[in-house]
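Worth knowing before you read on, the calculation uses all heavy atoms, side chains too, and leaves out hydrogens, waters and symmetry mates. Remember, predicted model here, so these are calculated numbers, not experimental data.
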Amino acid sequence: MSAVRSSDARRAAAAVLDPELRVLTIDDLGVLRDVTEDPATGRVTVTITPTYTGCPAMDVIRADIRAALTAAGHADAEVVTVYAPAWSTDWISEAGRAKLAAAGIAPPGPAGPAAGRPVPLTLTVRCPHCGAADTEQVSRFGSTACKSLWRCRACREPFDHLRAF
């Protein structure tokens, strides 16, 4: 028998917070790829893609998904990790980008070139606090491996920038 979409299981999995970016759910982040339920057994399968190979948060995300599904009445659950296609910051939802900015984290720009367009080059990042473009990169690496540390020259506030990839 084929699997079907399970809306309550999807809602439960989609509400799981990213352990490194606590303002985003795994759905906002684009890590959650699919949720299906086998109608014959009730087994739920959740498919996720890590933000990068070796992401240290994946074990926590898997455990949090299982806990959320169990709390929603889906104790028989499997979390499957897929690596292709590779996750991209382009998968972050508009709501997720707004949540990042509201939390003082500059959202990423486009990850890569669309067919036939030039490769984007990030020379500056708008400050999520005051909106100024007069910013400077302090460190290529921020509080997590996927963020860089920036400072606004206008309001003088430091901020993380989620790097595009």
Side-chain angles (χ1 to χ4, degrees), residues 3 5-6 9-36 44-72 74 77-115 117-129 135-152 157-165:
R5 301 278 185 250
S6 177
R10 177 151 180 59
R11 276 192 299 277
V16 169
L17 292 175
D18 179 80
E20 292 179 338
L21 297 167
R22 301 292 298 169
V23 299
L24 296 182
T25 66
I26 61 171
D27 196 36
D28 292 329
L29 195 53
V31 167
L32 181 63
R33 300 287 298 280
D34 196 19
V35 179
T36 58
V44 172
T45 302
V46 176
T47 306
I48 56 175
T49 296
T51 55
Y52 64 95
T53 303
C55 175
M58 293 311 292
D59 287 338
V60 174
I61 290 172
R62 283 185 206 90
D64 289 351
I65 290 169
R66 285 187 189 99
L69 290 170
T70 297
H74 298 281
E78 175 184 24
V79 180
V80 177
T81 303
V82 296
Y83 297 96
W87 179 86
S88 164
T89 50
D90 289 342
W91 293 3
I92 299 173
S93 69
E94 287 305 313
R97 291 171 188 281
K99 289 177 186 179
L100 285 170
I105 301 170
R117 293 199 313 227
V119 175
L121 177 61
T122 302
L123 299 176
T124 189
V125 173
R126 287 211 172 270
C127 174
H129 303 292
T135 61
E136 63 182 337
Q137 186 177 51
V138 175
S139 174
R140 182 166 162 78
F141 301 99
S143 59
T144 64
C146 58
K147 293 185 263 181
S148 56
L149 182 61
W150 288 69
R151 175 178 38 235
C152 179
E157 288 291 323
F159 62 93
D160 279 332
H161 172 244
L162 188 61
R163 295 191 320 244
F165 56 99

T135 side-chain N/O to V125 backbone N/O, donor-acceptor pair under 3.5 Å: yes

Shortest non-hydrogen separation from P108 to R97 and the atoms involved: O-NH1, 2.7 Å

Any T81 side-chain heavy atom under 4.5 Å of R62 side chain: yes

E136 and T124, any side-chain heavy atoms less than 4.5 Å apart: no

V23 to A103 - nearest heavy-atom pair and separation: CG1-CB, 3.6 Å

Least distance between heavy atoms, P50 atom then Y83 atom: CG-CE2, 3.4 Å

Contacts of R163 that satisfy salt bridge (Lys or Arg N to Asp or Glu O under 4.0 Å) - sequence neighbours left out: none

Under 3.5 Å donor-acceptor, S148 side chain and F141 backbone: no

Residues in salt bridge (Lys or Arg N to Asp or Glu O under 4.0 Å) contact with D160, at least two apart in sequence or another chain: K147

Nearest-0.5 Å distance, CE of residue M58 to OG1 of residue T53: 10.0 Å

Stepwise side-chain contact (heavy atoms from CB on, under 4.5 Å) check, V80 with T45: CA-CA 7 Å; V80 177; T45 302; 3.8 Å; yes

Within-4.5 Å side-chain heavy-atom neighbours: V31 and W91: no

Nearest non-hydrogen partners of D28 and L24, listed with the distance: OD2-CA, 3.7 Å

Side chains of L32 and V46 in contact at under 4.5 Å (non-hydrogen atoms): yes

Min side-chain heavy-atom separation S93-K99 under 4.5 Å: no

P19: side-chain contact (heavy atoms from CB on, under 4.5 Å) partners, not counting sequence neighbours: R22, A57, V60, I61

Side-chain donor-acceptor pair present, R33, T49, cut-off under 3.5 Å: yes

Note, L17 side chain near I26 side chain (heavy atom, < 4.5 Å): no

V82 side chain near I48 side chain, heavy-atom distance below 4.5 Å: no

Listed partners of R66 passing side-chain hydrogen bond (donor to acceptor under 3.5 Å, both in side chains), at least two apart: none

Plane angle bin for F159 and W150 - parallel if under 30°, tilted between 30 and 60°, otherwise perpendicular: parallel

Residues in salt bridge (Lys or Arg N to Asp or Glu O under 4.0 Å) contact with E157, at least two apart in sequence or another chain: none

Spacing of NE2 belonging to H161 relative to SG belonging to C146, to within rounding of 0.5 Å: 11.0 Å

Working for side-chain contact (heavy atoms from CB on, under 4.5 Å), residues L162 and I92: CA-CA 11 Å; L162 188 61; I92 299 173; 3.5 Å; yes

Side chain proximity check, R126 to C152, heavy atoms < 4.5 angstrom: no

Non-neighbouring partners of D27 that pass salt bridge (Lys or Arg N to Asp or Glu O under 4.0 Å), sequence neighbours left out: R10

Test log, rule side-chain contact (heavy atoms from CB on, under 4.5 Å), inputs L21 and L29: CA-CA 9 Å; L21 297 167; L29 195 53; 4.2 Å; yes

Heavy-atom closest contact (I65 atom, A13 atom, distance): CG2-CB, 4.5 Å

